[in-house]
Amino acid sequence: MKSLSFHRLPGADAMSVRVQEQDFDVSAELALMRIGNPKIGAIASFVGVVRDINEGDSVATMTLEHYPGMTEKAITEIIGQARGRWEVLDALVIHRVGTLKPTDQIVLVIVASTHRGDAFAACEFIMDYLKTQAPFWKKEITPQGARWVDARVTDSRAAERWGSIEKS
Amino acid sequence: MKSLSFHRLPGADAMSVRVQEQDFDVSAELALMRIGNPKIGAIASFVGVVRDINEGDSVATMTLEHYPGMTEKAITEIIGQARGRWEVLDALVIHRVGTLKPTDQIVLVIVASTHRGDAFAACEFIMDYLKTQAPFWKKEITPQGARWVDARVTDSRAAERWGSIEKS
Amino acid sequence: MITLLYFARLREALGTGREELALPSGINTLGALRDHLSKRGDAWAREMADGRNLRAAVNQDVAAADTPIKDGDEIAFFPPVTGG
Amino acid sequence: MITLLYFARLREALGTGREELALPSGINTLGALRDHLSKRGDAWAREMADGRNLRAAVNQDVAAADTPIKDGDEIAFFPPVTGG
């Protein structure tokens, strides 16, 4: 289940996609992005966190499985779609895999732009599509035993409100 | 111009508002928030950054002035309004004052919620209102000399799209 | 006495950031106070003129021209805000 | 030969995460392959049944039932995704 990938493209297409077991440091990622491009005026970020309760049951730990190779490809495509809709100067997605516990960070999406409207919209768009398109699966350990988390209808709706996504 | 204030209220009304000269550490603030509340599933953040170009001129440094006392009051009120519209488990605003240079962080808004829709909306709402309601003023030093930054019409429009804000 | 505060461009143009003033008799709204201050001439006339895009707060709350003012108030004048 | 991958609940139910298979003659779409696999019976019949909410990818791109498949392809079956 161990996997690490890293893409960084130069210039206008700057982006990074990483799937990793280890935790991430948001400040360090923000600093790298800021110092790399003084045109950046606005950075929107999202961090997904393991909650201690899901569907009414307490969650002790959670294991994240993914599809190596396709994960990175799907996320890179999602970022490409965001770039077609908004001004994106740089974008980063880190998704953790393996075993996590409540209050642990799961996923990080950072989008940098000149102005904040683009940064917020692109960050939320990437997160909405990631939840429905990127091949990750969560299994929770609860007092009632282990269970695979079911996909949420609200997540499909969240992705649908952005309109159809075209294949690049 | 030196000023520091800190409010942290317990439980459902958790929030912090700080005005300070020193830089901030987003990772440290996120960790404090996450560890304080295992119901948090989603954290949206915004960081405003000094750009090297504004209105076509290069910016060497920028000085931020504020109205001590009113600043904290205005931001606390903005967060209260966000809380009335969305589920906000915790919120933090840090705004720097004093002299900053390109790529420096200016402002941080963090909103934690159970789900990401609330976190994104409340974070963008707070930022839009902060830009039009909180008493901060920027003065830029450019090769053409020092100048006070003019308020942007797009900022008023961004705040207006959320509808009217009521006095608490 | 009232406390008057001026910020940013206004502070620089008027050459002062703060003054204490005995509330002039007959002045009981923010708008009346602004008119009164504009009669000081020069920079005051220019900066406090009706056409200037000026904002104000009474006791740290954003206030309009018809907001009542009274002895002991903290009253601030400033340009539209540009933080964030 | 084609490579078949199974993830998450599906991997556990089928008892395997990966197999190599000679592409059966006459099978040239994803839908036909799913039908073919469902005929293995037991867990295969249950998990690959028409009513199951199953997703699939051909060579790491999300694919539909009418997506063509050919020798050498990497084909993955999995439940709706739940990351983030």
Side-chain angles (χ1 to χ4, degrees), chain A residues 1 19 46-51 54-55 62-78 93-97 100 105-109 124 126-140 146-156 158-159 165 167-168, chain D residues 1-21 29-31 33-34 37 42-84:
Chain A
M1 205 64 57
V19 179
F46 179 82
V47 175
V49 180
V50 183
R51 288 185 289 145
N54 194 30
E55 308 285 329
M62 155 181 298
T63 303
L64 271 144
E65 177 172 333
H66 78 125
Y67 180 176
M70 180 173 170
T71 321
E72 295 80 356
K73 190 172 174 180
I75 297 172
T76 301
E77 196 173 304
I78 291 163
V93 174
I94 301 178
H95 202 299
R96 294 178 70 189
V97 290
L100 303 174
Q105 304 185 118
I106 306 170
V107 61
L108 171 64
V109 177
E124 189 165 12
I126 290 169
M127 195 57 214
D128 281 351
Y129 269 99
L130 190 150
K131 295 280 285 190
T132 54
Q133 305 291 322
F136 293 96
W137 300 273
K138 282 175 182 158
K139 188 180 194 176
E140 293 172 342
R147 66 179 182 202
W148 289 98
V149 174
D150 276 329
R152 292 162 51 95
V153 175
T154 53
D155 284 331
S156 303
I165 187 168
K167 288 291 291 179
S168 56
Chain D
M1 299 293 277
I2 56 174
T3 301
L4 286 171
L5 302 174
Y6 310 101
F7 291 99
R9 189 200 69 228
L10 201 64
R11 177 178 52 72
E12 288 187 347
L14 300 177
T16 181
R18 180 190 181 100
E19 63 176 308
E20 308 287 325
L21 189 75
T29 67
L30 189 59
L33 177 64
R34 178 172 170 173
L37 293 171
D42 297 337
W44 294 88
R46 204 168 52 242
E47 296 294 333
M48 294 284 171
D50 275 354
R52 282 304 253 190
N53 193 355
L54 205 60
R55 305 295 166 91
V58 174
N59 298 324
Q60 305 187 355
D61 275 323
V62 171
D66 60 356
T67 301
I69 58 172
K70 60 177 192 312
D71 196 50
D73 282 348
E74 175 179 297
I75 297 160
F77 291 98
F78 45 81
V81 306
T82 57

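Note on naming: letters A, B, ... go to the chains in the order of the sequence lines (proteins, then strands), and numbering restarts at 1 for each one.
Annotation: D/Arg52, atom CZ; neighbour count of heavy atoms from other residues, nucleotides and ligands within 6.0 Å is above 12.
Heavy atoms only, all atoms of each residue included: A/Tyr67 and D/Ala76 are closest at CE1-CB, 3.4 Å. Residues D/Val81 and A/Ala151 come closest through the heavy atom pair O-CB, 3.9 Å. Contact record, A/Met70 with D/Ala57: SD-CB, 3.6 Å, taken as the closest heavy-atom pair. What you find for D/Gln60 and A/Lys73 is that their closest heavy atoms are O-CD, 3.8 Å. Taking every heavy atom of both residues into account, A/His66 and D/Phe7 meet most closely at O-CE2, 3.4 Å. Taking every heavy atom of both residues into account, D/Thr82 and A/Asp150 meet most closely at CG2-C, 3.7 Å.
For A/Asp155, no part sits under 4.5 Å from any heavy atom of chain D, backbone or side chain. The contact between D/Asn59 and chain A is made entirely by backbone atoms, counting heavy-atom distances below 4.5 Å. When heavy atoms are compared at a cutoff of 4.5 Å, A/Lys139 approaches chain D solely by way of its side chain, counted from C-beta outward.
Highest contact tally toward chain D, considering only A/Phe136, A/Trp148, A/Phe46, is held by A/Trp148 [criterion: heavy-atom pairs under 4.5 Å]. The candidate with the highest count of non-hydrogen atom pairs below 4.5 Å against chain A, out of D/Pro80, D/Pro79, D/Ala8, is D/Ala8.
Rounding to the nearest 0.5 angstrom, the gap separating the CZ atom in D/Arg55 from the CD atom in A/Gln133 is 8.5 Å.
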